[in-house]
Amino acid sequence: MAKIRKSEKKEMPALNTASLPDIIFMLLFFFMTVTSMKEVTYKVRFTPPEATELQKLEKKSLVRYVYIGTPTEEFRKVYGSETRIQLDDAFADISQIEDFIVRERESMDEDEKNLMTVSIKADKDTRMGIIADLKQALRRAYALKISYAAVQRTSY
Amino acid sequence: MAKKKVPEINASSMADISFLLLIFFLVTTSMAVDKGLSRRLPQPLPPDMKLEDTETKIKDRDIFVVKINSMNQLLVEGKEMNVRELRAAAKEFIENPANDENLPVKTQEEIEGLGLVEYTKDHVISVQNDVDTQYQAYLEVQNELVAAYNELRNDYAMTRFGKVYDELDEEIQKAIQKMYPQKISEAEPKNYGGNK
């Protein structure tokens with residue numbers, strides 16, 4: 001007859017967690033490479049429009065952003081609920097666009113200056129008047145490569 | 001001499017530390033890739049030039065007018081149209097398959113890499129929008145026009161080379177781009193019967 005061996009120790013053996021840090025580090029590096037830091041804190045609220053013929057913005061360092069939308073809740077009291085433009089971290093006026101572009105271009109490398117792309121991140125309910133003004137300002141500043149930020153449309 | 005045993009380093013907190021880092025990065029970064037509809041703006045006009053000088057004479061048949069009013073309705077070549085029909089209409093205009101008299105003139109030209117091809121060289125698509133047009137409607141129109149060009153390029157690449165446009169060599173892509181150049185001109189927004 002088989003004898004059921006009773007172990008002397010009832011205690012569970014300690015789980016070897018030596019590889020746990022390695023796994024977590026791997027995850028960490030994965031996320032560090034595929035994600036990017038937030039550029040700014042949004043002061044305007046916008047939902048991007050939908051489109052299908054989208055292209056990726058290749059080099060982040062060559063892209064400058066212009067945000068257009070209605071001010072978020074906390075800024076409503078000061079700035080009202082009219083559509084506003086945000087450059088970097090502050091609200092801006094159409095007249096400041098040109099200066100902004102020129103300033104940003106100055107800080108770029110010489111050979112990359114004409115590759116600068118301006119990404120227009122505007123709310124889908126924005127009226128075209130403000131966007132047309134923006135485009136005119138960009139033309140004057142010689143920032144001719146633009147990209148209308150949009151999300152992929154899934155259905156019609 | 002007895003072998004000295006190195007005391008094991010307690011690494012149990014290592015996991016916690018890396019977890020903390022991981023969570024920090026998850027919170028501060030964003031996964032979303034920036035995508036957008038790429039366009040190129042025209043060169044700015046010299047300040048001493050008047051707008052009339054730039055309006056070169058373009059024949060009526062070479063121009064495809066898309067107007068968007070403040071209610072986001074489309075008027076394409078004088079007819080009302082739904083955005084979904086715009087792509088097909090634009091494709092027909094650019095291609096002019098039947099050599100229609102009301103559609104742009106086809107010219108034969110030698111293009112490096114493609115040989116002698118017939119294409120509508122002087123066609124222009126003109127988009128005019130209202131100050132009050134919604135951005136989404138405007139972008140949809142732009143999107144459909146770009147899509148029309150992309151489809152034409154793709155169709156041509158398929159029939160001529162049996163490959164998708166994106167998989168072709170850069171030189172041939174350039175040649176096809178020359179055959180189907182994106183000519184979308186935008187007028188200053190007007191106030192068509194808006195409330196101002």
Side-chain angles (χ1 to χ4, degrees), chain A residues 17-18 20-28 31-32 34-39 47-57 60 63 65 68 117-133 135-136 138-153 156, chain B residues 8 11-45 47 68 70 83-84 87 129-140 142-151 186-189 191 194:
Chain A
T17 55
L20 191 61
D22 299 347
I23 296 166
I24 306 298
F25 263 120
M26 213 167 69
L27 269 174
L28 174 66
F31 277 102
M32 275 173 76
V34 297
T35 60
S36 58
M37 286 277 194
K38 271 183 202 157
E39 311 109 35
T47 342
E50 295 178 346
T52 53
E53 309 297 309
L54 300 180
Q55 279 164 337
K56 255 190 213 167
L57 284 174
K60 281 273 162 65
V63 183
Y65 298 91
I68 300 176
T117 310
V118 177
S119 175
I120 301 174
K121 292 194 165 190
D123 189 81
K124 62 188 172 69
D125 291 324
T126 313
R127 299 288 155 197
M128 276 311 286
I130 193 165
I131 291 178
D133 289 345
K135 284 199 311 206
Q136 289 305 319
L138 290 176
R139 266 179 80 182
R140 281 196 299 274
Y142 264 91
L144 301 179
K145 275 181 78 168
I146 59 167
S147 166
Y148 300 110
V151 290
Q152 191 75 37
R153 179 167 50 211
Y156 233 127
Chain B
E8 217 172 289
S12 58
S13 58
M14 189 74 150
D16 298 347
I17 294 166
S18 42
F19 253 127
L20 208 81
L21 273 170
L22 175 66
I23 289 163
F24 170 75
F25 272 95
L26 276 177
V27 171
T28 55
T29 59
S30 58
M31 190 88 156
V33 216
D34 269 318
K35 279 182 164 184
L37 195 72
S38 294
R39 305 286 312 129
R40 219 184 154 80
L41 293 174
Q43 297 267 332
L45 297 174
I68 322 164
S70 57
V83 197
R84 294 173 205 197
R87 192 183 302 194
N129 56 273
D130 192 271
V131 183
D132 267 337
T133 307
Q134 225 185 344
Y135 182 54
Q136 169 77 59
Y138 167 79
L139 206 73
E140 250 164 45
Q142 290 275 336
N143 184 57
E144 291 306 305
L145 295 175
V146 172
Y149 278 109
N150 285 349
E151 277 184 16
E186 287 172 55
E188 292 271 301
N191 221 334

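Every chain is numbered from 1, with letters handed out A, B, ... down the list of sequences.
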With distance as the sole test, does [X] use its side chain to make a donor-acceptor pair with the main-chain N or O of [Y] at under 3.5 Å?
X	Y	value
Arg139(A)	Gln43(B)	yes
Gln136(B)	Glu50(A)	yes
Asn129(B)	Ile68(B)	no
Gln152(A)	Thr52(A)	yes

Proximal component of [X], with respect to chain B [non-hydrogen, under 4.5 Å]:
X	result
Ala141(A)	neither
Asp123(A)	backbone
Ile120(A)	both
Ser119(A)	neither
Leu27(A)	both

Among Thr126(A), Leu57(A), Leu20(A), Ile146(A), who wins on heavy-atom pairs under 4.5 Å with chain B?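 Going by pairs under 4.5 Å, I would pick Ile146(A).
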In terms of heavy-atom proximity below 4.5 Å to chain A, should Tyr138(B) be classed as side chain, backbone, both, or neither?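 Just its side chain gets close to chain A.
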Do Lys35(B) and Gln55(A) touch side chain to side chain, with heavy atoms closer than 4.5 Å?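 No; the side chains remain at least 4.5 Å from each other.
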Walk me through whether Leu41(B) and Lys135(A) qualify under side chain to side chain contact (heavy atoms under 4.5 Å, CB included). CA-CA 8 Å; Leu41(B) 293 174; Lys135(A) 284 199 311 206; 3.8 Å; yes
Salt bridge (charged side-chain N to carboxylate O under 4.0 Å, His left out) between Glu53(A) and Arg39(B), intermediate numbers included: CA-CA 11 Å; Glu53(A) 309 297 309; Arg39(B) 305 286 312 129; over 6 Å; no
Count the heavy-atom pairs under 4.5 Å between each of Thr133(B), Leu37(B), Leu139(B) and chain A, then report the option with the highest count.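 Sorted descending by pairs with chain A, the first entry is Leu37(B).
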Just so I understand: if I count every heavy-atom pair under 4.5 Å between each of Pro44(B), Ala147(B), Ala137(B) and chain A, which residue has the most?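 If we count pairs closer than 4.5 Å to chain A, Pro44(B) comes out on top.
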